[in-house]
Number of protein chains: 2
Amino acid sequence: MRIASQANHLAPISGILAGDNVQNTPSASAERSLRTFSAKEHVFFEGDDRDSIYEVVDGVVCVYKVTSDGRRQVISFCYPGSLLGFGHADRYLYSAEVLSPATLRPYSAGALEKIVAERPDLAHSLMSFVMAELAAARDQLLTLGRKSASEKIASFLLELSRQNEEMSKDPETLQLPMTRSDIADYLGLTIETVSRNFTKLKTSGIIDLHQNTTVVICDMDRLEETASCDEERF
Amino acid sequence: MRIASQANHLAPISGILAGDNVQNTPSASAERSLRTFSAKEHVFFEGDDRDSIYEVVDGVVCVYKVTSDGRRQVISFCYPGSLLGFGHADRYLYSAEVLSPATLRPYSAGALEKIVAERPDLAHSLMSFVMAELAAARDQLLTLGRKSASEKIASFLLELSRQNEEMSKDPETLQLPMTRSDIADYLGLTIETVSRNFTKLKTSGIIDLHQNTTVVICDMDRLEETASCDEERF
DNA sequence: CACACATTGTAACAAAGTGTCACACAATTC
DNA sequence: GAATTGTGTGACACTTTGTTACAATGTGTG
């Protein structure tokens, strides 16, 4: 679940690739046509030939990996500014599924490599993007490996809240484009456990739920306490 | 737990930074003095000012993050060729503790940035290194989020085996420089669960244990089946 | 627009895998 | 040789999962 720039506060990657800097780069000209996807549509599957890299322009995309018997682990939720498939070799290393109607900008892999060769400043920004992704993945390793279900849910909501703040949105009103099942697969839990913990937070007065897809944070301090891995207080 | 080059089969990073390519780079000259560390010694702690980046030349280093109440999640075990602290901003994002007597090569962060600016080929190799780390972290997200204890232990042993193969060592005889506690913190388990699963694998004839720090894989097929998330067979 | 169906979410109860606690033994360090 | 650390095992507890049932919401069709 990432906005590009989280670690280093650089401009969203769309500013890097689609802004003035790139539009004037000849190699990119054929790659700036947008594609729209419906909810539930897959952009690509893990193992497919990696022919394009996609930038999320609008909407939310969920990227996930699957075990051989079909268990799904969501790796992250990708908001505008994220790149899908960047850094993959010949084949995609994960699958990407659209959660809400989305607009993506595809780049052919070869074209992006040419851009990077021509523009060292873009290479630097892409490196920053990948490092931010790595830092986020490592934070999530700590969450998955050591946090309880309550701590996971609270951390998840706080992450969405911080993201809203970075995008100048209300940090206390969170839109959830993903289902309980998506959240469960992101946090290494089951649907029932996610639902029980949402109910627990609601019953405790820490959050309020509007139509199951909007979370209003009523008590940010207690939510932070719940996430913080100290003594639980509700 | 990483050898550099896992995703893209490039030369280990030490070939990139310490080999012919770099020795001829003026900026690097002050950074090539080696430092040795004893087992259990910390290279740095999470939150410390990020003044150096270290390359592991010999030995094994464990990098980890900690929750506010002291729960530890090992992020990876770093073998020769790994870089510690690369991609961190002003402060270290994790702690690094030496598991076996180790030799590290420190680089000042500023010096490395200068090298990268002067040598686009090195920037490309560092990008590959970071992408390999990201791919590995994502694989571990799947392991932590969705695999059972048995599957985790089996996957861990297979990872060490693959690593041995990449380093032209015996893939069926694994040296474990880390304790059961380190393995537990890497896999999101407790010491007891790790110990019970080692015993299970041993009792089933899949592995053999010599002095608790050497694992001999007796039945690679069954170990792969155990890790593979299909029906368990022992 | 109403209805049927599919999907998603929640609640209650049972089961199980892992954690916790305690202890014994082995290996390492001082 | 004593102290410390690491490992393995057993018994019990508990958090989460699994199952079943039902409620709520969203979507498609006539």
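Order of the sequence lines sets the chain letters (A, B, ...), proteins ahead of strands, with each chain counted from 1. These numbers come from the heavy atoms of this one structure, side chains and all, not from hydrogens, waters or symmetry mates.
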(request) Indicate whether any N or O donor in one side chain lies under 3.5 Å from an N or O acceptor in the other, for K147(B) and T67(A). (result)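 Side-chain D/A pair, K147(B) to T67(A): absent.
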(message) Side chains of D182(A) and T179(A) only: does a donor on one sit below 3.5 Å from an acceptor on the other?
(response) yes
(request) Test D185(A) against every option in R72(A), Q73(A), R71(A), K65(A) by the side chain to side chain donor-acceptor pair (under 3.5 Å) rule and name the one that passes. (result) R72(A)
(message) What does the B/S/- profile of nucleotides 6-18 of chain C look like, 5' to 3', with a 4.0 Å heavy-atom cutoff to protein?
(response) --SSBBBB----S
(request) Could you tell me from which nucleotide to which nucleotide of DNA chain D, 5' to 3', there is an atom under 4.0 Å from chain B heavy atoms? (result) dG6(D) to dA11(D)
(message) Suppose we screen for side-chain hydrogen bond (donor to acceptor under 3.5 Å, both in side chains). Which residues come up paired with T193(A), at least two apart in sequence or across chains?
(response) T190(A)
(request) Go through the structure and list residues passing salt bridge (Lys or Arg N to Asp or Glu O under 4.0 Å) with R91(A), not counting sequence neighbours. (result) D49(A)
(message) Could you work out, with side-chain contact (heavy atoms from CB on, under 4.5 Å) as the rule, every residue matching T36(A), not counting sequence neighbours?
(response)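 With sequence neighbours excluded, T36(A) shows a side-chain contact (heavy atoms from CB on, under 4.5 Å) to T103(A), given in chain and number order.
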Let me check something: any side-chain donor-acceptor pairs from residues 213-220 of chain B under 3.5 Å, sequence neighbours excluded? List them with distances.
residue: T213(B); atom: OG1; partner: Q211(B); partner atom: O; Å: 3.4
residue: T214(B); atom: OG1; partner: Q175(B); partner atom: OE1; Å: 3.1
residue: D219(B); atom: OD1; partner: D221(B); partner atom: N; Å: 3.4
residue: D219(B); atom: OD1; partner: R222(B); partner atom: N; Å: 3.1

